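Naming: A, B, ... by sequence-line order, numbering from 1 per chain. Computed from a predicted model, the values in this text were never measured in an experiment.
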Amino acid sequence: MRILLAFILGICTMQSSVGQGRLTDDMRETQEQLNASTKQINQFFRRFNGEEDKNGKRYYETDKQYHSTNLRNQYMPVLFDTQTGQIDRKLAEKFISTITDKKSPVFLDFHQDDWLAEVNTTFTYKGKKVPGTLYMRLQQQGQGYEWIIDNVSFDVFSSKFDKDTTESKKFLHPMSHELEFMTLRKAFADNQHNEQFTGKDFETDYLSIFLYEMNMGNLKFVTVKNVSFHFFSVEGYYFSLANFNRSGYNSGWLISSLVALANEDEKQQMKNYLYGKN
Amino acid sequence: MQIIKYTALSLLLALTTSAFAQTNINPSRKQAIDSLALEKVKDLSKYISIIGSKDTQFSEAKRVMDRAEELFAEDSEMGVSSLESEEISYFKVRDYFERLMALNYDKVKIQWYDIHYVSDLEQQPDGTYVGVITIYQRFEGTSKDGSLSYKDTTKKDITIYVKKKETQIAGRIIEFWDVLLGDIKVTETTA
């Protein structure tokens, strides 16, 4: 048994990284940049939380440096996009000091946090290419988790809904019931906006329309164009992540925008804006 | 040799863990699973280099493609994006290898950066664990007369599936963790 174990361990130690050595000088420079790049969302979480060292070595709960404030203070500034000038430096400093507060630090939690993915896609609708956005969230399911479609935004659908709420809008007069609603015939004739006949609290359910058109075969997936992520995990703030595919040491998944939220109303307004409900 | 290596690594995963079924993957087991997954990724990178090389005989390339396919779960796909286009092209793994083999260069050089990033393992609804390993590849293709010259660096995000399996050795049921590769997203970088 000991010999078998030694043999297996020997094979394990033979394995090293994927690279085969003998890199050219320009590749060595690129390699350093790629090491600095935040390569996965998973790595963003680890760097944000202080769960890996500068060389990418994973820290576990038993490691002294795990969630270290010093480590996080070093990492956080490089987790922002520093090249496009979209981030207010003072707000970023305040944000960092909030999440690294010694008494009540804030960490990201993959499963529990209020965050979502915005997936910009191309579909074909009745044979024509159309853009559309899927809003995805994580959901506990069975023994683990799954990403689910929380909502969608398609111009090809929303352009069909433009409810007129003025006094001059079309309506079904209040005595229509006495005519057994024969007024419907004229109301629906050549009408592109039948939402005029719905209640004040009517809201278009684009997700159901999306699923109906998919299931009917009218809407077909083509490809994903790009993905970004939106976080409401840190109280008083909203931030988004985007993938910066560029050379240099500030690349990969980085914070692309940061907004201070004064209260729950502002948080809801931001969510509505993201979901295209404004 | 590959089968012996993977079996040995899988058995190590069984030997270093409890004989009883456990759902959670603790850090030491995670590291052992990472090693097995990285071994498979390393083999895949080696196979890609062989398939892409113009020095490889057609029959040998076909044989290596078969071996490479064995690393993958059924129906795995490659999604390839370039800097020129927003859209992703999707290929079956075998088709991707065949396209790589058929590239119209006289000389192809494929190198791998000494970088790998291994994500956490997350459990999906059916109980299988899933993770992603990121590696980077440098490609250089040239024609004899120099009329065709191309190089790029691509990021490869490789899905890994980790499943608990059982085998019988000398009448005893041994549980072990098996790793298969899944879909791969290939992204051209500006590097």
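Heavy atoms of A:Gln33 lying under 4.5 Å from chain B are absent altogether. Only the backbone of B:Val118 comes within contact range of chain A, with heavy atoms under 4.5 Å apart. Neither the backbone nor the side chain of B:Gln137 comes within less than 4.5 Å of any heavy atom in chain A. Only the side chain of B:Thr187 has a heavy atom closer than 4.5 Å to any heavy atom of chain A.
Of all heavy-atom pairs between B:Tyr90 and A:Val222, the closest is CE1-O, 3.8 Å. Pairing each heavy atom of B:Val132 with each of A:Gln40, the nearest pair is O-NE2, 3.1 Å. Heavy-atom minimum distance, B:Gln123 versus A:Gln143: OE1-O, 3.2 Å. The two residues A:Asn245 and B:Leu83 come nearest to each other via the heavy atoms ND2-CD2, 3.8 Å.
When the shell of 6.0 Å around NZ of B:Lys54 is examined, it contains more than 12 heavy atoms from other residues, nucleotides or ligands. Other residues, nucleotides and ligands contribute over 12 non-hydrogen atoms within 6.0 Å of the CG atom of B:Asp145. Other residues, nucleotides and ligands contribute at most 12 non-hydrogen atoms within 6.0 Å of the NZ atom of B:Lys107. Within 6.0 Å of CG in B:Asp66 there are more than 12 heavy atoms belonging to other residues, nucleotides or ligands. A 6.0 Å sphere centred on CZ of B:Arg99 holds no more than 12 heavy atoms belonging to other residues, nucleotides or ligands.
Residues that satisfy the ring-ring contact (aromatic ring centres under 6.0 Å, His included) test with B:Tyr96, not counting sequence neighbours, are absent from this structure. Legend: residues meeting side-chain hydrogen bond (donor to acceptor under 3.5 Å, both in side chains) with A:Asn42, ordered by chain and number and at least two apart, are A:Arg46, B:Tyr117, B:Asp120.
Proximity of a side-chain donor or acceptor of A:Ser247 to a complementary backbone N or O of B:Thr190 within less than 3.5 Å is not detected. B:Glu122 places no side-chain N or O within 3.5 Å of a backbone atom of A:Tyr145 that could act as its donor or acceptor partner.
Separating the CD atom in B:Gln111 from the CE atom in A:Met27 is a distance of 4.0 Å, to the nearest 0.5 Å.
The candidate with the highest count of non-hydrogen atom pairs below 4.5 Å against chain B, out of A:Val224, A:Asn226, A:Leu34, A:Thr30, is A:Leu34.
Counting only heavy atoms from C-beta outward, the side chains of B:Ile115 and A:Lys39 approach each other to under 4.5 Å.
Contacts between residues 52-72 of chain A and chain B, counted as heavy-atom pairs separated by less than 4.5 Å, involve A:Glu52, A:Arg58, A:Tyr60. The interface of residues 109-122 of chain A with chain B, defined by heavy-atom distances below 4.5 Å, comprises A:Phe110, A:His111, A:Thr122.
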